[in-house]
Participant: 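Here's a structure for you.
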Amino acid sequence: MSPPLPDTDEIDAIIAPHRNAEGPLLPMLHAVQDAFGHIPETAHRVIAEALNISRAELHGVISFYHDFRSQPAGRHVLKICRAEACQAMGGAALADATLKRLGLDWHGTTRNGAVTVEPVYCLGLCACAPAAMLDDRVLGRVDDARMTSLLAEAGA
Amino acid sequence: MRVYVPMDSAAKALGAEAVVAALQAAARDAGVTLELVRTGTRGMIWLEPLVEVEINGVRHGYGPAAPEDAGAILDGTSERALGPVEDLDWMARQTRLTFARVGVIDPLSLQDYAALGGLVGLRRALGMTGAGIVEEVTTSGLRGRGGAGFPTGIKWKTVHDAQAPQKYIVCNADEGDSGTFADRMLMEGDPFTLIEGMVIAALGVGATRGYVYLRSEYPDAIRVMRRAVEIARKQRVLGADVLGSGRVFDMEIRVGAGAYVCGEETSLLNSLEGKRGVVRAKPPLPALEGFLGRPTVVNNVISLATVPVIFEKGAQHYADFGLGRSRGTVTLQIAGNVARGGLFETAFGITLGEVVEGLAGGTASGRPVKAVQVGGPLGAYLPASKFDAPLGYEELDAKGGLLGHAGLVVFDDTADMLSMARFAMEFCAIESCGKCTPCRIGAVRGVETIDRIRQGDGAAVPLLRDLCETMKDGSLCALGGLTPLPVESVLDHFADEALPRREAAE
């Protein structure tokens, strides 16, 4: 189901445009993740060599940030806001109900691989809470009905 | 027929795209030629999607619009009609300086931008010396709108006076605080203002390169800002010859990776350099040793985006608004459980009660207001008894609050305050960069201690207080240092909820 692992030439080509940037690592990691949906193990050596940093150092950076994945996510990523403004509008109950319905914990992926559910801490939609984001699409005032149709759309 | 519909995230989140499609279909059916302009949001989020129709040069609002309203909006019979948008109470009561163009113009039209005062400030700055520019900002009284409230002019002066082969302007657009969305709204609604502000900052301090560190949770803002930088470069607002002056400044948009702590300026700089977003000890100040060890101005989006209007209208004009040492305007973000939520720009000094009861119209649920968290996750929960507090940096501080980025999150009487205190600790534990032990470990212990209180262990309350003191004293940055603020505010103002249940029952 998952695409074949990328080879080093492919990764080289992806990171090449960022080589001369000041502070190139995050742009490189974003580019790799945009291309493969995660940071594959094979990319570590290529990036570490390109920037002359140790693989341990690279691992330290990748693991520091919530965004970077070592494994691919589901076909869609549903982020539900857990922050205060959304809590004030029932966000916690919405998140609990959604996770329970899917039988998942945070960061879990539905068994059919359709949806990964992740917490997010503020989408800047605090005046139309509770908020969520399906892939890059933002959603406000999400209630149970809206969530049901979203999950259906995503094939969960 | 000219029709305006916001493309701001909040409008999209409430269905703006479906409304646009319906308007286009309805116009086709009616045989009307539609000139559709996508704008930012006016900030009246409870009215989004807000459709505006230009009638005899005046923009009339219709909202909140649903796709089925499209036909009636176009033929003028819709029950969603609000009248001229500028005359709505929410708009008429504001002093829109920083947000003057947001919701009004097509964010990616440099022509529209220039037609409404854009680039006037930059042209003026190009005729000034660096020291003169810094002096102007100092005179305006502008203070860091990111939360710390540090005088912007003083920060710029430090960078201006530093000697180095390379200096930088870094815009902190890592707006992670819950209840805040002013940065996002500005970047999506008037990106050239931020760009112009960064160019003026660069001219002031002698920098030639800049970065916007923009959080990944804002995909729409990233798209708009990137496009705006390309346009500005093409039109020579950026590049090797800024507006034909021979001066050099260029900038780039960099995307964060989901770490709240990177909103702290030193961890932001580490992140920008490609490192773990760990906080740095100060000194050295970023103004002297910032990005890549060079003198760097690190300012919030709203601080930088306010610079153009200061240069357009003059520092004194800006400084004439405000209260005490809080000069100019504050961009209030009214959020959470409110009947009317959104952005309201006004002179400092409005009271918390006026905002919550007056502007916001109380809660969305219709229940009584129990608490307002001002200033994001690191701000205090204030009860209704503190509503007389005027919103200014020092004034709110005197009431035990924190103005921060001026986000206000309202809670109704169903809120469980002890669980909000627990969440503050939990959030700190998740987002701690790990450098300072009181933050990294203390936040975890804080969650456990609050759980003990919940289970009726009265001895855990003084322990929690003590832990809060340790976190405040022993953390380098505001995450560990201020997480105790919301926690202690719950103990102070909602003591009956923080008392162990068993004792309370006795």
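In what follows, chains are A, B, ... by sequence order, proteins preceding strands, each numbered from 1.
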Participant: If you tally heavy-atom pairs under 4.5 Å against chain A, which of B/Gly341, B/Ser9, B/Ala221 wins?
Facilitator: B/Ser9
Participant: For the pair B/Glu17 and A/Arg137, find out whether any cationic side-chain nitrogen is under 4.0 Å from an anionic carboxylate oxygen.
Facilitator: no
Participant: Under the side-chain hydrogen bond (donor to acceptor under 3.5 Å, both in side chains) rule, what pairs show up with a residue in residues 23-39 of chain A, not counting sequence neighbours?
Facilitator: none
Participant: Side chain, backbone, both or neither: which part of B/Arg340 has a non-hydrogen atom closer than 4.5 Å to chain A?
Facilitator: neither
Participant: Within residues 271-279 of chain B, which residues come under 4.5 Å of chain A, heavy atom to heavy atom?
Facilitator: B/Ser271, B/Leu272, B/Glu273, B/Gly274, B/Lys275, B/Arg276, B/Gly277, B/Val278
Participant: For A/Gly124 versus B/Phe181, what's the shortest heavy-atom pair and its separation?
Facilitator: O-CB, 3.2 Å
Participant: Measure the spacing between SG of B/Cys262 and CZ of A/Phe64 and express it to the nearest 0.5 Å.
Facilitator: 5.5 Å
Participant: Specify which of B/Cys433, B/Gly342, B/Ser365 makes the most heavy-atom pairs with chain A at under 4.5 Å.
Facilitator: B/Cys433
Participant: Heavy-atom distances under 4.5 Å only: say whether B/Asp220 touches chain A with side chain, backbone, both or neither.
Facilitator: side chain
Participant: Go through A/Ile62, A/Val120, A/Val138 and name the one with the most non-hydrogen pairs under 4.5 angstrom from chain B.
Facilitator: A/Val138
Participant: Using the test ring pair (Phe, Tyr, Trp, His ring centres under 6.0 Å), find all partners of B/Trp46 that sit at least two apart in sequence or belong to another chain.
Facilitator: B/Trp90
Participant: How close do A/Ala85 and B/Ser178 get, counting heavy atoms only, and between which atoms?
Facilitator: N-OG, 2.9 Å
Participant: Can you give the donor-acceptor pairs under 3.5 Å from side chains of residues 46-56 of chain A to other protein atoms, not counting sequence neighbours?
Facilitator:
residue	atom	partner	partner atom	Å
A/Glu49	OE2	A/Arg45	NH1	3.4
A/Ser54	OG	A/Glu57	N	3.0

Participant: When only pairs under 4.5 Å are counted, which of B/Val255, B/Leu292, B/Thr180 shares the most heavy-atom pairs with chain A?
Facilitator: B/Val255
Participant: Looking only at heavy atoms and a cut-off of under 4.5 Å, which of B/Gly256, B/Gly43, B/Ala364, B/Gly434 has the most pairs with chain A?
Facilitator: B/Gly256
Participant: Is any NZ, NE, NH1 or NH2 atom of the basic residue among B/Glu217 and A/Lys79 found under 4.0 Å from an Asp or Glu carboxylate oxygen of the other?
Facilitator: no
Participant: Between chain A and each of B/Ala415, B/Gly407, B/Pro377, B/Gly15, count heavy-atom pairs under 4.5 Å; write down the option with the most.
Facilitator: B/Pro377
